[in-house]
A.B. asks: 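Take this structure, written in C-alpha cells, and hold onto it; I'll ask about it next.
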Amino acid sequence: ALIAIPLYAVSLLMRESIGGLATMGHGAEAFRTLPLAWFTMFRCTVAGDCANAAGQPIALLVAEHYGWAYGLIFCMTTIVMTFGLFNVIAAIFVENTLAAAKSNSVLVKRQRLLDTHIFAEKAAELVHFVWNIHLLRSEDPSWDVAGHTVSERYLPDRIAIMSTHDIEEASCLQITPEFFSFLRTFREFKHLLEDLDIADEDQVDLFDTLDVDGG
C-alpha cells in the first residue's frame, strides 16, 4: 500500500494529462489507460525499466515533447520513492525484526524462569555462593581493606559445602547494604543474578528494592 497508493496518484495525473495524446506517441502511449499508466510508473520508479518497446526512455520522450514539468514529476516521484518510502519500509522491517528478536529473548527468559527446576538450582547456587563469601569474609577480614580490586576478590576453588546447620544459619543471615555491595564485586554473583533474569543495571538498586521497609 505504501508503494501502490502514491504511484496510483501519479499515474492518475499522467493518464488525465497526456493519456489522451497516446496517438501522438512520444511516450504518451504508455499512459493511455490508468492500469498501463500505473504499470509504467512502477517500471520507471521501482523496477528501473523506463523504456518503451523501441528501447527509448519514456521519461525523456515525455519531457522533450510535452514539457519539462513532466520530467520534474518523474524526478520527484523517483526521489520520494527511493529516499522516502523505501527507507520507511526498510525501517519498519528492521524495527519488526528487532522487536521479534527481543520478544523471543524475553520469552526464552520467561520460560527458563518458569522452569522450577532451573530456578531452584540457580537460587540454591546463589545462596551457596553468598554463604561461602560470608564464611570466607569472616575468616579473612582483610577482604575489607580498601584498595582491593575486583580481580583480587576471587572466590577460592575449594569452598565449603553447606550442611543442614549451615542452611539454618544462612536463613538467618542478615545482608547489609555494605555486604551486598561487597557481593557485587564478584562476577560470579552478578552472573547468578543475570541467570535469574536480573539485569546488571537493575542490580545496582536491587537491595533498596527488596529492603522496602529499611530493615
Side-chain angles (χ1 to χ4, degrees), residues 1-22 26-119 121-122 184 187-206 209:
L2 289 176
I3 295 177
I5 294 177
L7 285 183
Y8 175 80
V10 178
S11 301
L12 182 62
L13 173 63
M14 299 297 289
R15 167 64 185 88
E16 294 300 320
S17 58
I18 64 173
L21 305 175
H26 305 299
E29 67 278 4
F31 302 95
R32 61 180 178 271
T33 64
L34 184 58
L36 183 58
W38 188 93
F39 182 63
T40 300
M41 293 306 302
F42 179 85
R43 287 171 53 206
C44 291
T45 58
V46 178
D49 177 24
C50 195
N52 58 17
Q56 298 173 309
I58 295 176
L60 182 60
L61 288 175
V62 171
E64 287 183 341
H65 292 86
Y66 302 106
W68 283 99
Y70 293 105
L72 180 61
I73 292 176
F74 274 101
C75 292
M76 293 301 298
T77 303
T78 302
I79 292 174
V80 171
M81 296 296 294
T82 303
F83 300 102
L85 293 179
F86 286 170
N87 286 341
V88 170
I89 294 172
I92 292 175
F93 175 78
V94 171
E95 182 180 0
N96 290 339
T97 302
L98 294 177
K102 182 178 180 180
S103 176
N104 184 63
S105 177
V106 172
L107 180 61
V108 170
K109 288 183 178 180
R110 183 179 180 184
Q111 290 176 344
R112 186 177 70 248
L113 292 177
L114 289 177
D115 189 327
T116 55
H117 175 73
I118 295 179
F119 183 83
E121 183 180 274
K122 292 299 179 182
R184 290 196 68 250
R187 293 191 183 91
E188 294 88 341
F189 182 74
K190 293 183 178 181
H191 291 166
L192 285 171
L193 292 180
E194 289 173 357
D195 290 339
L196 292 171
D197 201 22
I198 302 176
D200 184 64
E201 58 271 17
D202 296 329
Q203 295 177 18
V204 178
D205 300 323
L206 181 61
T209 302

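One is the number of the first residue; the rest follow in order along the sequence.
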A.B. asks: Looking only at non-hydrogen atoms, find the nearest pair between I58 and N52 and report the distance.
C.D. replies: CG1-N, 3.7 Å
A.B. asks: Should the heavy atoms of other residues, nucleotides or ligands under 6.0 Å from CD of E95 be counted, would the total exceed 12?
C.D. replies: no
A.B. asks: For M41 and V10, work out which heavy atoms get closest and say how close.
C.D. replies: CE-CG1, 3.6 Å
A.B. asks: So, for W38 and S11, which heavy atoms are closest and what is the spacing to 0.1 Å?
C.D. replies: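 Closest heavy-atom pair between W38 and S11: CA-OG, 2.9 Å.
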A.B. asks: Tell me, please, which residues at least two apart from Y66 pass ring pair (Phe, Tyr, Trp, His ring centres under 6.0 Å).
C.D. replies: none
A.B. asks: For residues 71-105, which residue pairs pass the disulfide bond (SG atoms under 2.5 Å apart) check, not counting sequence neighbours?
C.D. replies: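 As it turns out, there is no disulfide bond (SG atoms under 2.5 Å apart) pair with a partner in residues 71-105 once direct neighbours are skipped.
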A.B. asks: Minimum heavy-atom separation for I18 to A28, with atom names?
C.D. replies: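 Here I18 and A28 meet closest at O-CB, 3.5 Å.
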A.B. asks: Please answer whether the main-chain N or O of P35 pairs with a side-chain N or O of R15 as donor and acceptor at a distance below 3.5 Å.
C.D. replies: no
A.B. asks: From I198 CD1 over to L206 CG, what is the distance, rounded to the nearest 0.5 angstrom?
C.D. replies: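 Reported to 0.5 Å precision, the distance equals 5.0 Å.
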A.B. asks: Between the main-chain N or O of T77 and the side-chain N or O of T45, is there a donor-acceptor pair closer than 3.5 Å?
C.D. replies: no
A.B. asks: To the nearest 0.5 Å, what is the distance between NZ (K122) and CD (E194)?
C.D. replies: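 These two atoms lie 11.0 Å from each other.
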A.B. asks: Run the numbers on H65 and Y70 for side chain to side chain contact (heavy atoms under 4.5 Å, CB included), then give the verdict.
C.D. replies: CA-CA 10 Å; H65 292 86; Y70 293 105; over 6 Å; no
A.B. asks: To the nearest 0.5 Å, what is the distance between OH on Y8 and CG on L12?
C.D. replies: 5.0 Å
A.B. asks: Measuring from E29:CD to L21:CG, what's the distance to the nearest 0.5 Å?
C.D. replies: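 The distance works out to 11.0 Å.
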A.B. asks: Sequence neighbours excluded, which residues qualify as ring pair (Phe, Tyr, Trp, His ring centres under 6.0 Å) partners of F39?
C.D. replies: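 Checked F39 against ring pair (Phe, Tyr, Trp, His ring centres under 6.0 Å); zero matches.
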